[in-house]
Amino acid sequence: MEDKYGRKIDYLRISVTDNCNLRCIYCMKENHNDFLSSDKKLTDNEIYRIVLESAKLGIKKIRFTGGEPLVRKDIMNLIGRINKIEGIEEIYLTTNGILLLDQVENLAANGVKGVNISLDSLKPDRFKTLTRRGELKKVLEVIDKCIEHNIKVKLNTVIIGDINQDEILDFVELTKQKAIDVRFIELMPIGQGKLFKPVKNTKILEIIKSEYKELAEINRNISEGPAKYIRVNNSLGRVGFISAISNCFCDYCNRIRITPDGFLKQCLHWNYGVDLRTLLRNGISNEELNNIIKNNIYNKPEKHLFNEQNKNEEIRFMNEIGG
Ligand code: SAM
Ligand code: SF4
C-alpha cells in the first residue's frame, strides 16, 4: 500500500532480538548486558501474526535483523514459517556473520535470498578492536560459503574518521575479486554512534574516483531502497552508498520496522508508531491488527531530521532497531 506521500511501502524489517554476540564500538557500550527478557520480546507466533496481516497490506519483502538475529533461539524455524506466508516474496537477513557458517544451508532451504553482512575492517586486529570480540576469519569464510550457495551477499561497511578510513579502497577491491556488493553506510548519530566522527559518503566517493578512472553510475532501483550504486572497472560486484546524513533518501523510503519488543516504527529516526505487543497480548483481532498496521503505514513521517535536534526523535540504540 501507499503512505500519504504516495510512497509504496512493501518492506518490513523485523528486529528479532536486541541481544548480540558482538559489541561494535559505534553501536553498543562494551559492558552492555541489559537486554530484553524473553517475556518482553515478541514470540514467534506474534511475529507471524504481524507478518500475516502486513502481507495482506502489500508487504512483500522481509528482513530479519537485530541485535544479532542468529542469537535468537530457533530463528530458522521462524524464517521457514514466514517464507510460507502468501504474498511474502523475498526474505533477507542482516547479520554480523559470526554464527552463520553452520546455517548457510538452512538459510538457502528456508528461502533466504540474500544476507547483508556487517564488516568494517579487513584487518584481523582492527576487526577485533571495532567489534570488541569478533574473529575476522569466520566472517570471510562465511562470505564465500554464501556465494557458493547462491545467497546474494552485500557487505555493510561503516567508515569512521581516524579508525578505518584507510581501508576504503581495500573494500572496493573486494568487489573486483568477488561477486558481492559493498555498501558504505554513513554513521548515524544513534546510540554510541554519537561519539564517533562520521565520514561523509561524498568524501568516500571522491577517494574512489581519484583511484579508479573507469567508473559507471548505476540507475537507482527503488526496490533496492536507499542505496546508490557504482561499478568500478567492470568489476563483479557493485559499490553502494547509503547516505542518511549527507543525502536524505526519504523520498525512496519503502519500509516500516518492528522492534524486538513489538513496537511498529514508522521511521528509523522518529519514535512514532504503535506498541503492537501490548495490543496482541490484550487479544486484538486480526482485523483490528490489520487496521492499525495500515494506519501506521499511511502516517509515516515525510523524512528524517537527523541534522536537527528534535522532540520525538528515537532514543533507542541501533541494536534495538536493527539498522
Ligand atoms: N548485528 C547485525 C549486524 O551487525 O549486521 C544486525 C544489526 S546491526 C544494528 C545493523 C547495521 O546497523 C549494521 O550494519 C551496523 O553497522 C549498523 N549500525 C549500527 N549502529 C550504527 C550507527 N550508529 N550508524 C550507522 N549504522 C549503524
Ligand atoms: Fe551487534 Fe550488529 Fe550492533 Fe555490531 S552492529 S554490536 S554486530 S548489533
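Heavy atoms only: backbone and side chains are in, while hydrogens, waters and symmetry mates are out. Counting convention: from 1, in listed order, for ligands and their atoms alike. Please read all numbers here as calculations on a predicted model, not as lab measurements.
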Atoms of ligand 1 less than 4.0 Å from [X] heavy atoms?
X	value
Leu187	22 (C), 23 (N), 24 (N), 25 (C)
Glu68	1 (N), 2 (C)
Ile190	23 (N)
Ser118	3 (C), 4 (O), 5 (O), 13 (C), 14 (O)
Asn96	2 (C), 3 (C), 5 (O)
Gly193	23 (N)
Thr65	6 (C), 7 (C)

How far is [atom] from its nearest protein heavy atom, and which residue and atom is that?
atom	value
atom 23 (N) of ligand 1	Met188 O, 3.0 Å
atom 9 (C) of ligand 1	Met318 O, 3.5 Å
atom 10 (C) of ligand 1	Gly322 O, 3.8 Å

Check: Under the side chain to side chain contact (heavy atoms under 4.5 Å, CB included) criterion, do Lys265 and Thr259 qualify, and how do the steps go?
Finding: CA-CA 7 Å; Lys265 267 178 78 54; Thr259 62; 3.9 Å; yes

Next item on the list: Could you tell me whether ligand 1 has any atom less than 4.0 Å away from a heavy atom of Glu186?
Entry: yes

Next item on the list: Work out whether the distance between some heavy atom of Gly66 and some atom of ligand 1 is less than 4.0 Å.
Entry: yes

Notebook entry, point to check: Do Phe263 and Leu280 belong together in a cluster built from hydrophobic side chains that touch within less than 4.5 Å?
Noted result: no

Check: Yes or no on side-chain hydrogen bond (donor to acceptor under 3.5 Å, both in side chains) for Arg63 and Thr94, after CA distance, side-chain angles and deciding distance?
Finding: CA-CA 7 Å; Arg63 176 174 302 278; Thr94 296; 3.1 Å; yes

Tell me whether [X] at atom [atom1] has more than 12 heavy atoms from other residues, nucleotides or ligands lying less than 6.0 Å away.
X	atom1	result
Lys4	NZ	yes
Glu287	CD	no
Asn31	CG	yes

Does a side chain donor of either [X] or [Y] reach within less than 3.5 Å of an acceptor in the other side chain?
X	Y	value
Gln266	Asn296	yes
Asn233	Glu214	no
Arg81	Asn110	no
Arg183	Asn201	no

Notebook entry, point to check: What about Tyr26: any of its N or O atoms under 3.5 Å from an N or O on ligand 1?
Noted result: yes

Item checked: Selected option - heavy-atom contact closest to atom 2 (C) of ligand 1, from Cys20, Ser15, Cys24, Gly67 -> Gly67

Next item on the list: For atom 1 (Fe) of ligand 2, check which protein N, O or S atoms are under 2.8 Å away and list them.
Entry: Cys20 SG

Check: So which bit of Thr95 gets within less than 4.0 Å of ligand 1, heavy atoms only: side chain, backbone, both or neither?
Finding: backbone

Notebook entry, point to check: Ile208 and Leu169: which non-hydrogen atoms are nearest, and at how many Å?
Noted result: CA-CD2, 4.1 Å

Next item on the list: Provide the closest heavy-atom pair for Leu101 versus Glu141 in the form atom of the first, atom of the second, distance.
Entry: CD2-OE2, 3.3 Å

Note to self: Can you list everything that forms a ring-ring contact (aromatic ring centres under 6.0 Å, His included) with His32? Sequence neighbours excluded, please.
What the structure shows: Phe35

